[in-house]
Amino acid sequence: MNVSVVLFTSDLRVHDHPPLRAALGPRNETVPLFVRDPAVDHAGFAAPNRLAFLADCLADLDQGLRRRGGRLVVRSGDPVAEVCAVVREADADEVHMAAGCSAFALRREQRLRRALEADGRRLYVHDGVVTALPAGAVTPNGSDHFAVFTPYFRRWSAEHLREPLAAPRVVRVPSGIRSEDLPARPAAATLSAGLAPGGEEEARKRLAYWLDRYADAYEEGHDDLAADATSRLSPYLHFGALSAAEAVHRARARGGAGAEAFVRQLCWRDFHHQLLAARPAVADADYRTRSDHWRSGPQADADLRAWREGRTGYPVVDAAMRQLAHEGWMPGRGRLLTASFLTKTLYIDWRAGARHFLDMLVDGDVANNQLNWQWMAGTGTDSRPNRVLNPVIQAKRYDPEGAYVRRWVPELAALRGPEIHEPWKLAGPGGSRFDGYPDPLIALPEGLARFRRARGQD
């Protein structure tokens, strides 16, 4: 009897899953396998929020397979050793998996291919599973990747996007293949209190609901902090509980300016993945160095700690950081504001901010997280590397009545309208500050002048 193995990585779903469908092709049985790799823990990527979301996704994937007669096999250890062990146990002759774009994923693929071929087995790596288009599907003349988003978006939009695949009706798993228990969620005390549930079923419900109710307003409202009008689908895309290709198809079928703006955001995700695939070092190193001498020492450490805790004295920055702590998520506009404040106003290394985001974000993705941070720090692909987002101006534009700030900074809840964004101009009850809300870490003109001096712009 013919047997294959499907190695799940960042593609935890049964709908639109090319490796699973290819493995099931003419074959009778397949082993759906997930390997819990301790190297992820050792690298510092096993943040509690993501481990909880991963546990949800794996439980949902197992249920999706069981509804089709199968089950998920879980192992812990080196993925190459564990895959090879399962291959021998099942007497499988081939393994299918999704292509990755990080240096870690590429090393894993190369090691697995060598080990399988040495044992007379084959590895099939499928592109376009974790992104809408494969990382290297479109390239400019004379380069292996696009460094500017707009021309990439034009080429990306003109490319044929594969049609989504239906979930298989039947998945037959050979008997006798040992599996560990599904991973459990970490203790609740270690998690963000407002963490969203994971899993493909939840992802598909959220996509359908958002497209039906909110997509039409997305173009105008996605930066409105108080409206909370973004799709919140990024964690499901990160874990592959939702197919990016299917999301693009369904948004295009919906049509309209809002759906088109949503597709553009999905293209940004592909843009960062193709950049990381071509330049893996940008996970830690500047894509374009500005020869920064980032602040360090006790005062910089204290400023970084205040930023993490949402106590910078700038309400919109603090609101976004507190939302991150509570939900393990924040909207895109909040990410831009907080990143600009840390790197440009406080002049602290973008890597410190990116590390904190990876510690907290459910959608903590090396490609999107690191490259968005570099974009805002001016060391990435931004054509205006020295732009600085003024948090007061941004707050008055995207939270004009202060509803977002009041939601997350209760010390200022008594303030109404745009005055909430500049509490240092006001006195609290009896001339005191507002329930201990701090003064600004630095005056904005002072921070701007320091940054311009550092970049040689004064």
Side-chain angles (χ1 to χ4, degrees), residues 3-13 16-25 27 30-43 45-46 54 57-58 61 72-88 90 92-139 144-145 162 237-240 243-245 269-270 272-284 364-368 370-371:
V3 180
S4 60
V5 172
V6 178
L7 177 61
F8 287 86
T9 53
S10 299
D11 49 347
L12 306 180
R13 62 182 187 268
D16 192 34
H17 198 285
L20 180 60
R21 292 305 299 265
L24 290 169
R27 300 187 172 275
T30 191
V31 182
L33 173 66
F34 180 83
V35 179
R36 184 81 167 81
D37 186 353
V40 175
D41 298 9
H42 297 153
F45 289 106
L54 171 64
C57 289
L58 293 175
L61 175 59
L72 182 64
V73 173
V74 177
R75 297 287 179 90
S76 297
D78 174 67
V80 174
E82 293 302 324
V83 170
C84 290
V86 170
V87 163
R88 289 190 293 270
D93 55 3
E94 62 185 46
V95 175
H96 294 260
M97 67 180 296
C101 69
S102 68
F104 178 87
L106 293 175
R107 287 194 300 270
R108 177 180 59 197
E109 175 191 322
Q110 291 164 359
R111 290 176 55 228
L112 183 55
R113 186 182 302 280
R114 288 195 297 268
L116 289 171
E117 289 179 350
D119 200 27
R121 330 279 178 156
R122 296 194 64 182
L123 175 66
Y124 293 91
V125 178
H126 299 259
D127 287 323
V129 180
V130 299
T131 52
L133 283 182
V138 293
T139 56
D144 57 356
H145 71 286
R162 65 172 181 78
L237 290 164
H238 170 60
F239 283 90
S243 159
R269 182 173 181 272
D270 276 18
H272 287 146
H273 278 78
Q274 61 94 37
L275 203 160
L276 181 64
R279 299 289 183 273
V282 297
D284 294 300
D365 178 288
V366 171
N368 291 310
Q370 309 303 84
L371 289 166

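Everything numeric in this text was worked out from a predicted model, so none of it was measured.
- Nearest heavy-atom pair, Pro19 versus Val6, reported as atom, atom and distance to 0.1 Å: O-CG2, 4.0 Å.
- With hydrogens and angles ignored, the 3.5 Å screen pairs a side-chain donor or acceptor of Asp365 with a backbone N or O of Ala367.
- Nearest heavy atoms, Ala90 versus Val31: CB-CG2, 4.0 Å.
- With contacts defined as side-chain heavy-atom distances shorter than 4.5 Å, the pair Val83/Met97 does not qualify.
- With hydrogens and angles ignored, the 3.5 Å screen pairs a side-chain donor or acceptor of Ser4 with a backbone N or O of Ala23.
- Atom OG of residue Ser243 and atom CG of residue Asp16 lie 3.5 Å apart, to the nearest 0.5 angstrom.
- In summary, Arg108 and Asp37 do not engage in a salt bridge, as defined by a charged side-chain N under 4.0 Å from a carboxylate O.
- A pairwise comparison of heavy atoms in Gln370 and Ala283 identifies NE2-O, 2.8 Å as the closest pair.
- Of the inter-residue distances, the one linking Leu58 atom CG with Phe239 atom CZ reads 9.0 Å to the nearest 0.5 angstrom.
- Remark: side-chain polar atoms of Asp270 are paired, donor with acceptor, to backbone N or O of Ala132 under 3.5 angstrom.
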Name each donor-acceptor pair under 3.5 Å that joins a side chain in residues 273-280 to protein atoms two or more places apart or in another chain, with its distance.
{"from": "His273", "atom 1": "ND1", "to": "Arg269", "atom 2": "O", "distance (Å)": "2.8"}
{"from": "Gln274", "atom 1": "OE1", "to": "Phe146", "atom 2": "N", "distance (Å)": "3.1"}
{"from": "Gln274", "atom 1": "NE2", "to": "Phe146", "atom 2": "O", "distance (Å)": "2.9"}
{"from": "Gln274", "atom 1": "NE2", "to": "Phe271", "atom 2": "O", "distance (Å)": "3.0"}
{"from": "Arg279", "atom 1": "NH1", "to": "Asp144", "atom 2": "OD1", "distance (Å)": "3.3"}
{"from": "Arg279", "atom 1": "NH1", "to": "Asp144", "atom 2": "OD2", "distance (Å)": "3.0"}

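- Between the OG1 atom in Thr30 and the CD atom in Glu94 there is a gap of 8.5 Å [rounded to 0.5 Å].
- Using a 4.5 Å heavy-atom cutoff, the side chains of Asp119 and Cys84 are not in contact.
- Sorted by first and then second residue, the pairs that involve residues 125-137 and meet side chain to side chain donor-acceptor pair (under 3.5 Å), not counting sequence neighbours, are His96-His126.
- The ring-ring contact (aromatic ring centres under 6.0 Å, His included) check on His272 picks up Trp268, with sequence neighbours excluded.
- With a 4.5 Å cut-off on side-chain heavy atoms, Arg113 and Val125 count as touching.
- Taking CG of Leu7 as the start and OH of Tyr124 as the end, the distance is 16.0 Å to the nearest 0.5 Å.
- Going from atom CZ of Arg111 over to atom CZ of Arg107 covers 9.5 Å, rounded to the nearest 0.5 Å.
- Considering CG of Asp93 and CG of Leu116, their distance stands at 10.5 Å, rounded to 0.5 Å.
- Two residues are said to be in side-chain contact when any heavy atoms from C-beta on lie closer than 4.5 Å; His17 and Asp11 meet this criterion.
- Within the 3.5 Å criterion, the main-chain N or O of Leu33 finds no donor-acceptor partner in the side chain of Arg75.
- Counting heavy atoms from C-beta on, the side chains of Phe8 and Leu72 come closer than 4.5 Å.
- Using modelled atom types, one side-chain atom of Arg13 and one backbone atom of Gly240 make a donor-acceptor pair closer than 3.5 Å.
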